[in-house]
Amino acid sequence: MNQKAALCLALLRGDKLSILTGFKELGITNIPREIGRSVERAFKVRCEKTKMEGKTRWNTPTHWFVYQLKHTEQNSEGIELMRQYVRDHVEIKEVPRDKIRKLQQLKIFVE
C-alpha cells in the first residue's frame, strides 16, 4: 500500500486526521499538504477542515486542524474514484482483519 492509498483509505473510513494522527497511523508528516495534493486536487473532493484550539504543556495557547472527508453529493464522483484507487493499490492481506467489514460496507472490498 502506498501513502496516497493509505490516506484515501483512512478518509473513506471516516477517520478524522490531524498532523499527530496522520503521523502515528499513516506515517505522513505533513497531512495538510498531502490532503490538498493527493486527495482534494487528484480526486476533486473537498475535505472538511475544523480548527481545534488548546494549550501546550507550558500553558501557551495553540491551534491545529482536523480533516475529514464528508460523503456529500458534491464529493460523490471523487469518492468513487478514491474507492477505485484504493481497490487498485491495496491488497486485502494488508488490511487488519477488524477493518475489513467496514471496507466491505464502503464497497471497497467485496469477498
Side-chain angles (χ1 to χ4, degrees):
M1 176 178 342
N2 61 31
Q3 174 180 299
K4 185 174 179 179
L7 185 56
C8 288
L9 189 56
L11 289 169
L12 287 169
R13 278 195 317 247
D15 294 356
K16 293 180 179 180
L17 299 174
S18 66
I19 290 176
L20 179 63
T21 58
F23 181 69
K24 282 184 172 180
E25 296 175 17
L26 306 174
I28 300 172
T29 57
N30 195 337
I31 284 289
R33 179 190 65 211
E34 293 307 322
I35 285 179
R37 179 190 298 167
S38 300
V39 177
E40 290 183 330
R41 283 183 284 231
F43 299 107
K44 298 190 179 30
V45 296
R46 299 302 295 155
C47 290
E48 183 178 274
K49 179 171 135 177
T50 307
K51 184 177 182 178
M52 306 296 284
E53 295 182 357
K55 295 198 180 240
T56 67
R57 67 180 84 172
W58 300 282
N59 211 23
T60 306
T62 187
H63 71 274
W64 65 95
F65 292 94
V66 175
Y67 299 87
Q68 184 177 24
L69 179 66
K70 295 293 184 178
H71 293 263
T72 63
E73 186 63 35
Q74 293 85 6
N75 285 343
S76 62
E77 191 174 312
I79 287 172
E80 192 51 46
L81 292 173
M82 288 172 70
R83 285 182 181 141
Q84 187 59 48
Y85 184 85
V86 170
R87 276 188 217 109
D88 294 344
H89 291 86
V90 176
E91 293 183 35
I92 196 138
K93 66 181 178 183
E94 296 174 319
V95 179
R97 204 80 181 125
D98 59 330
K99 307 275 188 206
I100 291 176
R101 181 170 301 278
K102 178 73 173 169
L103 298 177
Q104 289 170 337
Q105 291 169 348
L106 292 170
K107 299 181 178 109
I108 294 176
F109 296 118
V110 180
E111 288 185 341

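Numbers here are sequence positions counted from 1. What you see is a predicted model; the values in this text were computed from it and never measured.
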I need the minimum non-hydrogen distance between I19 and P32, along with the two atoms involved.
CG1-CD, 3.9 Å
Less than 4.5 Å apart, any side-chain heavy atom of Y85 and any of N2?
yes
In plain terms, say whether E25 and K16 are close enough for a salt bridge, that is, a side-chain N and a carboxylate O under 4.0 Å apart.
no
Fit a plane to each ring of H63 and F65, take the angle between them on a 0 to 90° scale, and name the class: parallel (under 30°), tilted (30 to 60°) or perpendicular (over 60°).
perpendicular
Taking all heavy atoms of H71 and all of I79, pick out the closest pair and write down the distance.
ND1-CD1, 3.3 Å
More than 12 heavy atoms from other groups under 6.0 Å of CD on E77:
no
Would you give the length of the straight line joining atom CD1 of I28 to atom NZ of K4, rounded to the nearest 0.5 angstrom?
12.0 Å
For the student: nearest non-hydrogen atoms of H89 and A5, plus distance
CB-CB, 4.0 Å
A side-chain contact here means heavy atoms from C-beta on lying under 4.5 Å apart; do Q84 and F43 qualify?
no
Can you name the closest pair of heavy atoms from M82 and V45 and give their distance?
SD-CG2, 4.2 Å
Could you go through the side-chain contact (heavy atoms from CB on, under 4.5 Å) check for L9 and D15 one step at a time?
CA-CA 9 Å; L9 189 56; D15 294 356; over 6 Å; no
All salt bridge (charged side-chain N to carboxylate O under 4.0 Å, His left out) counterparts of K44, not counting sequence neighbours:
none
Heavy-atom closest pair, residues V66 and S18:
CG2-CB, 4.3 Å
From the list N75, V39, L69, T72, side chain to side chain contact (heavy atoms under 4.5 Å, CB included) partner of R46 resolves to N75
Gap separating the CG atom of L7 from the CZ atom of R37, nearest 0.5 angstrom:
11.5 Å
Give me the atom names and distance for the closest heavy-atom approach of Q68 to G14.
NE2-O, 3.3 Å
Report yes if some heavy atom in the side chain of P61 is under 4.5 Å from a heavy atom in the side chain of E53; otherwise report no.
no
Does a donor on one side chain and an acceptor on the other come within less than 3.5 Å for S38 and E34?
yes
Apply the test side-chain contact (heavy atoms from CB on, under 4.5 Å) to residues T21 and I31: give CA-CA distance (whole Å), side-chain angles for both, the deciding distance (0.1 Å), then the verdict.
CA-CA 9 Å; T21 58; I31 284 289; over 6 Å; no
